[in-house]
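Computed from a predicted structure; not experimentally measured. Below, read A as the first sequence line, B as the second, and so on, with proteins coming before strands; counting in each chain starts at 1.
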Protein chains: 2
Amino acid sequence: MAEKRIRITRDQVLAAAIGLADTDGIEGLTMRKLGRAIGVEAMSLYHHVANKDRLLDAMTDLVFAEIDLPTDTDWRTCMRTRAYSVRAVMGRHPWALRLVGSRTSPGLATVAHHDAVLGVLRRDGFSVALAAHAFSVLDAFIYGFAVQEQSLPFDTEEPPTELAQEILSQFPTDQFPHLAEMTARYLEDNEYNYAQEFTYGLDLILDGLERALAVGGPTYTPERGARE
Amino acid sequence: MAEKRIRITRDQVLAAAIGLADTDGIEGLTMRKLGRAIGVEAMSLYHHVANKDRLLDAMTDLVFAEIDLPTDTDWRTCMRTRAYSVRAVMGRHPWALRLVGSRTSPGLATVAHHDAVLGVLRRDGFSVALAAHAFSVLDAFIYGFAVQEQSLPFDTEEPPTELAQEILSQFPTDQFPHLAEMTARYLEDNEYNYAQEFTYGLDLILDGLERALAVGGPTYTPERGARE
DNA sequence: CTTGTAAACTTACGTTGTAAGAGTCTGACT
DNA sequence: AGTCAGACTCTTACAACGTAAGTTTACAAG
């Protein structure tokens with residue numbers, strides 16, 4: 001009768017939690033389901049995780065650890081690959097986007113990641129202030145874009161389908177002429193996909209930063225911010 | 001014995017829901033508490049709102065209606081005041097930020113707002129494609145910044161306090177040198193507040209758009225995007 | 001006064017996170 | 001080999017949640 005009891009580890013719990021959130025969404029992640037997924041009762045999880053909130057914190061940190069950040073090239077390509085990596089990771093774990101917004105205490109991988117980003121900028125001649133500026137704009141844009149993209153009713157990688165058209169044209173055309181004009185243009189252009197807006201915005205910001213860097217200069221490092 | 005029954009309206013429900021979310025946070029908003037707040041049983045709310053999800057949708061739309069969007073000036077100041085207004089509104093209703101990310105079907109005020117933004121851009125010479133670009137970058141940045149700002153552990157309007165210092169220096173200085181350097185700089189500069197990063201990023205983006213607009217020109221309107 | 005209907009209330013169910021405590025396995029030390 | 005402590009799992013239980021189903025109330029029209 002003595003059914004061998006299963007022993008689990010913290011890493012197992014986290015991995016299973018992420019997997020469950022990936023397939024069922026974050027609202028589908030319950031302690032009981034998570035326990036069942038690894039063959040254990042819900043309460044057993046609490047020996048590896050303080051509570052559900054801490055579990056979510058740990059999951060968020062693991063997601064950050066997935067982000068690719070090369071440090072062996074110039075800052076611009078570093079930031080670029082990071083941006084694309086963030087977007088890819090958030091695509092894999094859509095729930096993580098909403099978590100990042102609600103967690104207040106960052107994990108170790110998160111902090112390490114941010115430190116590395118700053119490190120690249122500083123190394124390539126950004127003053128402390130300009131590095132702060134750069135980090136702010138880039139992060140805000142990348143994060144904001146990912147959220148925006150996810151709340152769209154269609155797949156952003158593919159050109160718009162008939163289905164998308166139906167969804168998009170559900171609001172009255174004459175009442176919102178500019179929106180109508182824009183969606184019409186989207187639909188007629190088969191090459192268009194929303195994802196290219198990411199590239200556009202990112203390059204716009206990187207251009208701006210490059211200009212700001214040129215003004216401050218890589219050798220002359222002002223004590224205070226590049227502006228004012 | 002006949003305690004007079006209270007009659008409520010949909011608007012009352014929504015207003016109370018927003019008030020409750022403002023004070024208790026979105027997770028503190030429950031149907032029972034909401035009912036109690038307006039002197040009614042929880043189930044009575046369902047005569048004015050289909051379910052909690054719809055309630056949240058309606059709340060989100062009301063928040064969008066609060067955003068100030070002047071249309072009687074040039075696009076740049078329009079976008080600027082809009083940006084500041086979004087930030088202010090999201091400061092008043094922190095929960096709305098997370099809702100926007102999870103709602104997929106926008107309300108009427110939301111759609112109208114977006115249409116008005118596009119209208120301003122088109123009026124001032126943006127091609128359809130460039131207007132789409134502008135809208136994407138700006139919205140992503142504004143939204144992303146607001147989220148970023150909220151997940152920071154300190155008040156972004158005030159210069160850093162002792163408390164903030166304690167929080168910020170909780171991670172090992174030697175392990176994350178660049179982060180340490182940056183927070184050190186923050187703390188020594190009494191004028192600094194994180195809010196100015198919003199201005200910096202916004203201006204950087206607006207500058208970029210202005211340049212793109214100048215290239216395309218207000219008269220010559222290319223069929224396809226300004227880039228490629 | 002009757003009666004129809006909109007809107008309130010009551011009760012109930014399944015699901016959630018997790019507190020409390022009891023049971024069981026394992027590995028270290030005699 | 002024996003045992004004992006500590007780490008881990010399981011059982012039971014509870015309060016709070018969203019909401020389905022059905023009942024009661026009160027006002028407005030005839």
Where Tyr143(B) and Gly101(B) come nearest, the two heavy atoms and their spacing: OH-N, 3.5 Å
Nucleotide nearest Arg5(B) when distance is taken to its side chain, options dT16(C), dG18(D), dA8(C): dA8(C)
For Ser44(A) and dC8(D), is the shortest distance between a side-chain N/O and OP1 or OP2 below 4.0 Å? no
What is the distance, to the nearest angstrom, from the CD1 atom on Ile38(A) to the P atom on dC8(D)? 14 Å
Quickly work out the Lys52(B) NZ to dA16(D) P distance and round it to whole Å. 15 Å
Heavy atoms from C-beta onward define the side chain here; which of dT10(C), dC25(C), dA8(C) lies closest to that of His47(B)? dA8(C)
Nucleotide dA26(D), atom C1' - distance to CD1 of Ile6(B) in whole Å: 14 Å
From C-beta outward on Tyr46(B), which listed nucleotide comes closest to its side chain: dG23(C), dG18(D), dT18(C)? dG18(D)
Cation over ring face, Arg87(A) and Phe198(A), 6.0 Å, 45°: yes
Out of dT9(D), dG17(C), dG18(D), minimum distance to the side chain of Thr30(B) belongs to dG18(D)
What is the distance, to the nearest angstrom, from the CZ atom on Arg54(A) to the P atom on dT18(C)? 12 Å
Donor-acceptor check, side chain of Thr183(A) to backbone of Leu179(A), threshold 3.5 angstrom: yes or no? yes
Arg32(B) near the nucleic acid: base, sugar-phosphate alone, or nothing, with a heavy-atom cut-off under 4.0 Å? base
Does dT9(D) have OP1 or OP2 under 4.0 Å away from a side-chain N or O of His48(A)? yes
Round to the nearest Å and state the distance from Ile8(A) atom CD1 to dT24(C) atom P. 18 Å
Determine the interplanar angle of the Phe145(B) and Tyr194(B) rings, folded into 0 to 90°, and report it as parallel if under 30°, tilted if 30 to 60°, perpendicular if over 60°. parallel
Whole angstroms only, please: what is the CZ-P distance between Arg7(A) and dC10(D)? 10 Å
